[in-house]
Amino acid sequence: MELLVLGVLVVTVVVAVSFLASRVNIATPLVLVAAGIALTAVPSLRHMEIDPEWILAGILPPLLYSTSTRLPVMDFRRDLPAISGLSVVLVVVTSLSVGWLMSTLIPQVGFATGVALGAVVSPTDAVATSIARSLGVSPRLLTVLEGESLLNDASALVLLRSAVAAIGTSVSLAGVFGSFVYSIVIAVAIGYAVGRLAVWVRGRMGDETLSTAVSFVVPFAAYLPVEQLGGSGLVAAVSAGLVTSVGAGKHLRAQDRLADRANWSTIGLILEGTIFLLMGMQLIELVQDVRQEHESLWRAGWLAFAAGVAVLAIRAAYVALLLWTGNRRVERTEKAKEYWSTEEAKQHLYQRVSSSRRTAGMDEEELRRTGRRLWMRRIADFDYILQERWDTRDGAALVWAGMRGALTVAAAQTLPADTPQRSLLILVAFFVAGGSLLIQGGSLGWLVRRLGLTGNVVDRSEIESLISTMQAAGERYLESPDLRRADGSTYDADLIDRMKTRTQSRADLRPAADDPEGIDRANQTLELRIAVLDAERRRLLEIRQAGTAPSEVLSELLNVLDADQISLELRRREPGPMDS
């Protein structure tokens, strides 16, 4: 009963605070942490202990899965060099640097224990990036931030395990590297398989309620077996989410996609809020533990300040290097685009396509279409890099938006009970995460506005161009000689003409109950309009795969098509006994 009351209380507070914070324009995570601290005034909540496994295994997998299903996969692929560097190299450098600093400042703590703390405070948090998302920063910056926060968990947790193992013994660098590679490979493989299987199963259900229920299982189905095999379950959940993001548009129904967006947005809101609320509720208990060990809170505070400054300085230096390499990449891209725009490059690509095993059995026309599709995607990749180049303003935002959050707090509490200065280290990690959210999160909006990075506006001409391309695909479908109804019969010719000129009226969809011919014509209209929407959706998915249009515009148009299709299917009416 107490757990049920706590659950109701948490959801109520999360919803209320989220609503009020949006009205007063304050970052919701900051208010939730403060609300968590306030809740500890209730005696029954003051000494509540939260098992970190509830966060690592119960909250983070569905939360990361939800975030990854919204991530534009094409943009993620294009910025993978930057994302992987931030997720792996920066985490390793930060962990080792903070490890040396902590072992120097705390005599009782060895280097291995210091690295463990460094691994805890090194990863940015997917939940914390929700603050950046609400500010309207550029889609590319948001993709990099979310991609980094989704993938750096594996690096941090592998380093944490290795550092904990090294506290009593010694571990080799090769062993750590091998453990990391194994952790990632097995996570990606199993997450990919679970994601593909889930999309396949859901695509054959025909019921959005059952389909959504299956989606609730997916992040845990990916997480649990990978953790049992010693891999990164969180990366497996991310992998499954990315696969779902790619396959949903093609294999799931519009109702399934709409239900997913609504349900997972709700789940994400509650889980994100729960994490920040629990962070605040644990603060008093951590402070008491440190006092019982006769440690000064001021000492924990300045150690956290030193660790936080070190983390921020290392991130700034790495981002500066990232900008420099990015500018070099732009220069190389300009030259590469010049080469790939030549006829010689096109012929070379066509020859590679022709000799590939994947294209075995294709005729000449199919090979040329495949080659042209690959060439267009490559040119689109070049254009993306050239058009979305970063400057120092983006670098400053990337540094300041790298906040710590729930993973830092949860991972710190997994330190073994016999770890030297355990309570002090946990409190330091908590202060780093809380201070990051308070200082960086509280000032990020001001910084982004000061740098002029808000209010990202999509070019209206791009939207109009996509709409024209989408409608042209629908018109080509209507002109197809193979156009047939589901039962194999043909559509009314006049109806097709009216569909081409888009002159249908609402009366076409609202026949009288005693008019069987009118009902049949209305059903034809509905079927044909839904079929046209499917043709337009297929064209948009082809464009998304090629990457020749902004991801955010494509997502909006695909959502519009889903809404139109659901509206039409709700009007579907079959003739029945009462219609005769």
Side-chain angles (χ1 to χ4, degrees), residues 10-11 14-15 18 28-29 32 54-73 75-76 83 123-134 139 142-154 187-188 190-192 194-199 202 208-209 211-224 226 232-249 252 255-278 403 405-407 410 551-552 555 558-559 562:
V10 167
V11 173
V14 167
V15 172
S18 299
T28 304
L32 284 168
W54 278 102
I55 296 177
L56 291 175
I59 295 180
L60 288 182
L63 192 54
L64 297 182
Y65 171 84
S66 175
T67 303
S68 59
T69 58
R70 298 194 305 263
L71 197 66
V73 178
D75 295 351
F76 178 83
I83 292 172
T124 57
D125 199 281
V127 178
T129 58
S130 61
I131 299 176
R133 188 187 307 115
S134 66
L142 191 59
T143 297
V144 172
L145 283 170
E146 290 189 329
E148 175 195 6
S149 61
L150 289 173
L151 297 183
N152 59 14
D153 302 338
V188 171
I190 293 180
Y192 176 84
V194 170
R196 285 292 298 268
L197 178 61
V199 170
R202 295 177 63 194
E208 60 268 24
T209 304
S211 177
T212 302
V214 171
S215 76
F216 292 160
V217 179
V218 172
F220 301 106
Y223 176 90
L224 292 173
V226 172
S232 173
L234 298 180
V235 172
V238 171
S239 178
L242 292 175
V243 171
T244 302
S245 175
V246 174
L252 300 186
Q255 294 93 327
D256 299 329
R257 291 188 291 269
L258 182 65
D260 270 5
R261 286 193 293 271
N263 290 315
W264 279 106
S265 294
T266 303
I267 291 173
L269 171 71
I270 294 174
L271 294 182
E272 286 180 7
T274 300
I275 288 175
F276 289 114
L277 196 63
L278 293 178
M403 292 165 278
L407 182 65
S551 299
E552 65 272 19
S555 296
L558 287 168
N559 291 344
D562 283 347

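Under the side-chain contact (heavy atoms from CB on, under 4.5 Å) criterion, L258 pairs with R261, I566, sequence neighbours left out. Partners of Y192 according to the side-chain contact (heavy atoms from CB on, under 4.5 Å) rule, which considers only residues two or more places apart in sequence or in another chain, are R196, S239, V243. Every residue meeting the side-chain contact (heavy atoms from CB on, under 4.5 Å) condition with A198, not counting sequence neighbours, appears here in chain and number order: V218. Applying the side-chain contact (heavy atoms from CB on, under 4.5 Å) criterion to V226, with sequence neighbours excluded, gives I186, A187, I190, A236. With sequence neighbours excluded, no residue forms a side chain to side chain donor-acceptor pair (under 3.5 Å) with T274.
The closest donor-acceptor contact from the side chain of D256 to the backbone of L252 lies at 3.5 Å or more, if one exists at all. Judged by distance alone, the side chain of S149 and the main-chain N or O of E146 form a donor-acceptor pair under 3.5 Å.
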Practice task
Verify side-chain hydrogen bond (donor to acceptor under 3.5 Å, both in side chains) between N152 and T124, making sure each step is shown before the conclusion.
Solution key: CA-CA 7 Å; N152 59 14; T124 57; 3.0 Å; yes
Exercise for the section: Could you walk me through whether L269 and S18 pass side chain to side chain contact (heavy atoms under 4.5 Å, CB included), step by step? Expected result: CA-CA 9 Å; L269 171 71; S18 299; 3.7 Å; yes
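Between the CG atom in L278 and the CG atom in L32 there is a gap of 10.0 Å [rounded to 0.5 Å]. Distance check: S211 OG to E208 CD gives 8.5 Å after rounding to the nearest 0.5 Å. Between the OG1 atom in T143 and the CZ atom in F76 there is a gap of 9.5 Å [rounded to 0.5 Å]. Atoms CG and CG, from D153 and L234 in turn, are 5.0 Å apart once rounded to the nearest 0.5 Å. Between atom CZ of residue R202 and atom OG1 of residue T212 there is a gap of 6.0 Å, rounded to the nearest 0.5 Å. L558 CG to R257 CZ: the interatomic distance, rounded to the nearest 0.5 Å, is 7.5 Å.
Minimum interatomic distance between S551 and D75 (heavy atoms only, all atoms of both residues): OG-OD2, 3.0 Å. Nearest heavy-atom pair across A222 and A240 is CB-CB, 4.2 Å.
Between the side chains of S215 and W264, at least one donor N or O lies within less than 3.5 Å of an accepting N or O.
Taking the side chain as every heavy atom from C-beta outward, F216 and N263 approach each other to under 4.5 Å. Contact check for T69 versus D260: no side-chain heavy atoms found under the 4.5 Å cut-off.
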Identify all side-chain donor-acceptor contacts of residues 54-66 below 3.5 Å with residues at least two apart in sequence or on another chain.
unit_1 : atom_1 : unit_2 : atom_2 : d
Y65    : OH     : T244   : OG1    : 3.3
S66    : OG     : R70    : NH1    : 3.4

